[in-house]
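Atoms within each ligand, like the ligands themselves, are counted from 1 in listed order.
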Amino acid sequence: MIKLSPSILAADFAELGRSCEAVMAAGADMLHVDVMDGAFVPNISLGVPVLAALAKRVPAFYDVHLMIRRPLQYIKPFCAAGANLLTFHIEAESPVEQTIQAIHDEGCRAALCIKPATPPEAVFPYLDALEMVLVMSVEPGFGGQKFMPAAVEKIAAIRAEAQRRGLSTDIEVDGGIDAATAPLCAAAGANVLVAGSAVFGAKDPAAAMSAIRAACV
Ligand code: DX5
Ligand code: ZN
């Protein structure tokens, strides 16, 4: 079963609550919250106070993607603000095992993310401890970029390794996902699809989500 996680980065921030309520009502499985610090990636998006305000107003499963240099320092505040799943980058500067542990200590699910240049094997040492792996299909930092097909093989390699170990790890893909690229990722073993522009940028987000789901069956 495919889960859709619309990225709020593509939403109109002046209407954030209303647009998130609308996509949840239209059948989104979770909300993807992109946190950028202007250091790990060359862009600044939003942080703890925005997540806290949104989570208070819109009941949802919050899938929080930390694109920040020192994730370990911010685990507690993001979990307290309402994150249900916290994803951090293997390329960031925090110790991976300790960061996974800190996320679990807060009662959150933990995911590790790899950028396009990082090989899938990089996550293997941590696979047993993770609820999810996030494979970036664009360079992190901006919405609306073109899907990089090399992500497909990486998804397949991680799915194969998880299956070999008998793990039902979620595999999420993020960047350039729409009705054309989603099926390639789903066929390779991704079961959580992030879509920003394709959902929040669509005139009819409900129809856009249905189209992505229909393309994946
Ligand atoms: C990119 C973000 C993505 C982005 C996806 O750094 O992590 O979540 O919002 O946007 P689209 O779906 O427009 O590529
Ligand atoms: Zn993201």
Note: Ala186 and Ile2 closest approach over all heavy atoms is CB-CD1, 3.7 Å
Under 4.0 Å from one or more heavy atoms of Pro140, ligand 1 contributes atoms 6 (O)
A student checking ligand 1 against Met36 at a 4.0 Å heavy-atom cut-off should list atoms 6 (O)
Under 4.0 Å from one or more heavy atoms of His65, ligand 1 contributes atoms 7 (O)
Separation between CD1 (Ile75) and CD (Gln101), nearest 0.5 Å, reads 11.5 Å
What lies under 2.8 Å from the Zn ion (ligand 2), restricted to protein N/O/S atoms, is His32 NE2, Asp34 OD1, His65 ND1, Asp174 OD2
- [ ] Consider only side-chain N and O atoms of Glu91 and Thr118, and report whether a donor and an acceptor are under 3.5 Å apart.
- [x] yes
The reported gap from CZ in Phe61 to CG in Asp29 (rounded to nearest 0.5 angstrom) is 10.5 Å
| Side-chain ion pair, Arg165 and Asp128, N-O less than 4.0 Å | yes
closest protein heavy atom to atom 13 (O) of ligand 1 is Ser197 OG, 2.3 Å
d(Ile177 CD1, Ser197 OG) to nearest 0.5 Å is 11.0 Å
Scan side-chain atoms only and decide if His32 and Asp34 contain a donor-acceptor pair under the 3.5 Å cut-off.
-> yes
Ranked by distance from atom 14 (O) of ligand 1, the top protein heavy atom is Gly176 N, 2.8 Å
protein heavy-atom neighbour closest to atom 3 (C) of ligand 1 works out as Asp174 OD1, 2.9 Å
Counting from 1 in the order shown, the ligand 1 atoms closer than 4.0 Å to a non-hydrogen atom of His32 are 8 (O)
Handout entry: Side-chain heavy-atom pair Phe200, Ser19 within 4.5 angstrom cut-off
Key = yes
Open item on the list: Check whether Phe40 forms a cation-pi arrangement with Lys115 (NZ or CZ under 6.0 Å from the six-membered ring centre, at most 45° off the ring normal).
Closed with: yes
Would you mind reporting whether Ile90 and Val96 have side-chain heavy atoms less than 4.5 Å apart? yes
inquiry  = Looking at Arg18 and Glu21, is any side-chain nitrogen of the basic one under 4.0 Å from a carboxylate oxygen of the acidic one?
reply    = no
Between the OG atom in Ser94 and the NE2 atom in His89, the distance rounded to the nearest 0.5 Å is 12.5 Å
The atoms of ligand 1 lying under 4.0 Å from a heavy atom of Ser7, numbered in the order shown, are 8 (O), 9 (O)
Those residues at least two apart in sequence (or on a different chain) that pass salt bridge (Lys or Arg N to Asp or Glu O under 4.0 Å) with Lys76 are Glu106
One finds that the ligand 1 atoms under 4.0 Å from a non-hydrogen atom of Gly175 are 14 (O)
**Request:** For Gly141 and ligand 1, answer yes if some heavy atom of the residue is under 4.0 Å from a ligand atom, otherwise no.
**Result:** yes
Interatomic distance, OG1@Thr169 vs CD@Gln163, rounded to 0.5 Å, equals 10.0 Å
Among non-hydrogen protein atoms, atom 10 (O) of ligand 1 lies closest to Gly143 CA, 3.6 Å
For atom 1 (C) of ligand 1, the closest protein heavy atom turns out to be Phe142 O, 3.5 Å
Atom 12 (O) of ligand 1: closest protein heavy atom, distance to 0.1 Å, is Gly196 N, 2.7 Å
Under 4.0 Å from one or more heavy atoms of Met67, ligand 1 contributes atoms 6 (O), 7 (O)
Closest to atom 4 (C) of ligand 1 by heavy-atom distance, out of Asp34, Val138, Ile8, is Asp34
Here the atoms of ligand 1 under 4.0 Å from any heavy atom belonging to Leu9 are 9 (O)
At under 4.0 Å between heavy atoms, what of Ala195 touches ligand 1? The answer is backbone
